[in-house]
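Here the structure comes first, spelled out in structure tokens, and everything after it is commentary.
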There are 2 protein chains.
Amino acid sequence: MRDSVPGPRWLSADERAAWLALLSTTTLLPGALDAPLQKAAKLSLFDYNVLAMLSEAGNRTLPMSELAARTSASLSRLSHVAKKLEARGLVSRDTHASDARVTAASVTDAGMALIEELAPLHVASVRSLVFDQLDARDVADLARIGRKLMRGMDAGHWILRDPAP
Amino acid sequence: MRDSVPGPRWLSADERAAWLALLSTTTLLPGALDAPLQKAAKLSLFDYNVLAMLSEAGNRTLPMSELAARTSASLSRLSHVAKKLEARGLVSRDTHASDARVTAASVTDAGMALIEELAPLHVASVRSLVFDQLDARDVADLARIGRKLMRGMDAGHWILRDPAP
DNA sequence: GTAATTTAGTTGTAGCTTCAAGTAATGACT
DNA sequence: AGTCATTACTTGAAGCTACAACTAAATTAC
């Protein structure tokens with residue numbers, strides 16, 4: 001009665017298979033990457049990423065907004081985390097000279113030392129959980145599909161900017 | 001200078017591109033799917049999934065362990081959520097007749113009515129965020145890659161069991 | 001038959017995330 | 001110069017999740 005073909009067409013069998021795989025992956029992957037960092041240094045994956053993005057930035061510093069963009073986080077979330085990392089001495093924050101609205105976050109030397117120490121561990125998890133499971137074609141397909149999905153969620157996301165030289 | 005060969009080999013450029021796309025996707029997708037359900041019915045994506053899995057099960061009922069497996073959740077997480085959904089009258093729990101250790105969770109009629117009401121909305125989000133962005137080849141690739149990733153995280157996951165009848 | 005182990009689930013709690021609201025600085029408009 | 005809107009955050013509280021500890025039922029082992 002209700003469904004003379006459900007409102008927005010339901011998923012095909014292929015789509016359903018892909019959907020279930022994607023859903024379970026997004027559910028389990030973050031936790032799996034979190035655990036080793038948590039055990040080694042009481043850092044979440046997100047914490048690690050904040051430090052990593054800062055460490056790769058020019059003079060180890062980024063405005064909060066830009067850092068939020070690069071970590072795909074809300075400003076609110078980032079603010080809470082930055083506060084915590086600052087309390088731990090891994091990050092410092094200063095208001096920008098020419099625009100007092102912006103806060104520039106930087107990795108401290110201690111923060112730098114910590115990610116450098118953790119990087120091998122983290123890369124090892126990424127490798128064993130992701131890239132050891134995939135062949136070269138999979139990697140290319142994953143990058144292509146990931147970018148397409150990002151387009152749907154946030155067309156202006158930084159990851160979509162440089163079409164890779 | 002930057003890459004003086006770190007301990008476990010670092011990611012190649014292709015791998016890095018795929019990794020960034022995957023990381024931002026897993027970061028943003030859950031929230032994007034959550035929001036509409038949250039606004040429409042104060043349900044999280046996980047809540048929705050619990051109800052959906054139960055609604056698809058024989059006689060709308062599953063043991064907690066099996067439900068946890070199908071939602072890729074820990075028993076602890078599921079237990080908290082089941083309690084909440086039970087308080088809202090969407091789910092009921094009863095101890096199994098022949099094995100008093102197992103708790104059987106069921107969707108109530110109210111729960112059934114709610115997912116049926118929400119399904120079109122949710123499918124619409126999944127479609128617009130995921131499948132509208134992908135062509136048929138992408139969908140096949142995504143399913144293949146997703147299953148490979150699941151193998152790395154949990155070789156016994158239910159999603160990997162039936163290679164489609 | 002009973003002690004030891006395993007299985008199934010629940011609960012408390014700390015910490016994280018989200019959401020709504022607030023502050024303060026800047027830019028735009030008049 | 002003064003109002004209005006926007007940008008760039010910060011904060012508090014409510015709710016969710018992970019971890020560790022716990023209970024109770026069923027199996028296994030002796």
Side-chain angles (χ1 to χ4, degrees), chain A residues 26-50 61-88 91-106 156, chain B residues 26-50 61-88 91-106 156:
Chain A
T26 57
T27 303
L28 292 178
L29 190 54
L33 291 164
D34 231 284
L37 293 170
Q38 205 68 245
K39 245 176 297 185
K42 306 250 189 241
L43 279 193
S44 69
L45 174 60
F46 181 70
D47 295 339
Y48 179 90
N49 239 260
V50 167
T61 299
L62 286 173
M64 292 291 279
S65 315
E66 182 58 25
L67 184 54
R70 297 204 192 178
T71 54
S72 304
S74 69
L75 218 30
S76 168
R77 179 182 186 183
L78 178 61
S79 183
H80 284 294
V81 167
K83 191 178 176 179
K84 182 192 69 173
L85 294 178
E86 191 174 38
R88 283 182 61 177
V91 156
S92 65
R93 285 184 293 177
D94 309 275
T95 67
H96 188 84
S98 69
D99 185 342
R101 288 172 306 178
V102 352
T103 301
S106 316
Chain B
T26 59
T27 304
L28 292 178
L29 189 56
L33 291 164
D34 230 284
L37 294 170
Q38 204 70 246
K39 246 178 295 188
K42 305 247 188 245
L43 279 193
S44 69
L45 174 59
F46 182 70
D47 295 340
Y48 178 91
N49 240 259
V50 166
T61 298
L62 286 174
M64 292 290 279
S65 314
E66 182 58 25
L67 185 53
R70 298 205 192 178
T71 54
S72 305
S74 68
L75 217 30
S76 167
R77 179 183 185 182
L78 178 61
S79 182
H80 284 294
V81 168
K83 190 178 177 180
K84 182 192 69 175
L85 294 177
E86 191 175 37
R88 282 181 61 174
V91 157
S92 65
R93 283 183 294 176
D94 308 278
T95 67
H96 188 83
S98 68
D99 185 339
R101 288 172 305 179
V102 352
T103 302
S106 316

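Lettering follows sequence order; numbering is per chain, from 1. Heavy-atom basis, side chains included; hydrogens, waters and symmetry copies ignored.
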Nearest-Å distance for atom pair CZ/P, residues A:R101 and D:dT10: 14 Å
Closest non-hydrogen atoms of A:L78 and A:A68, given as atom of the first, atom of the second and distance, are CD2-N, 3.4 Å
Quickly work out the B:L37 CG to D:dG15 C1' distance and round it to whole Å. 16 Å
Please report, rounded to the nearest Å, how far the P atom of D:dT17 is from the CG atom of B:N49. 12 Å
Please state how far atom CZ in B:R88 lies from atom P in D:dG15, giving the value in whole angstrom units. 11 Å
Looking at residues 75-85 of chain A, who's got a heavy atom less than 4.0 Å off DNA chain C? A:S76, A:R77, A:H80, A:V81, A:K84
Value in whole Å for how far the P atom of D:dT17 lies from CG of A:L28: 13 Å
Any chance you could lay out the side-chain contact (heavy atoms from CB on, under 4.5 Å) test for B:S79 and B:R93, step after step, and finish with the verdict? CA-CA 10 Å; B:S79 182; B:R93 283 183 294 176; 4.3 Å; yes
Give A:D99 one of three labels, base, sugar-phosphate or nothing, depending on what nucleic acid heavy atoms sit under 4.0 Å from its own. sugar-phosphate
Can you name the closest pair of heavy atoms from B:P30 and A:T26 and give their distance? CG-CB, 4.4 Å
Does A:D34 reach the main-chain N or O of A:G31 with its side chain, forming a donor-acceptor pair under 3.5 Å? no
For A:R77 and A:T71: C-alpha separation, side-chain torsions, deciding distance, then whether side-chain contact (heavy atoms from CB on, under 4.5 Å) applies. CA-CA 10 Å; A:R77 179 182 186 183; A:T71 54; over 6 Å; no
Would you confirm whether B:N49, through its side chain, and B:F46, through its main-chain N or O, come within 3.5 Å as a donor-acceptor pair? no
Could you give the CD-to-P distance, from A:Q38 to D:dA18, as a whole number of Å? 11 Å
On DNA chain D, more 5' by nearest nucleotide between A:G31 and A:T103 is A:T103
D:dT10 P sits how many Å from A:L67 CG, rounded? 11 Å
Contacts to DNA chain C from residues 39-48 of chain B, heavy-atom cutoff under 4.0 Å, which residues? none
For B:V102 and B:P63, work out which heavy atoms get closest and say how close. CG2-CB, 4.3 Å
Quick one: which of B:K84, B:Q38, B:K42 gives a side-chain hydrogen bond (donor to acceptor under 3.5 Å, both in side chains) with B:D47? B:K84
Nearest 0.5 angstrom please: B:L45 CG to B:L29 CG, how far? 8.0 Å
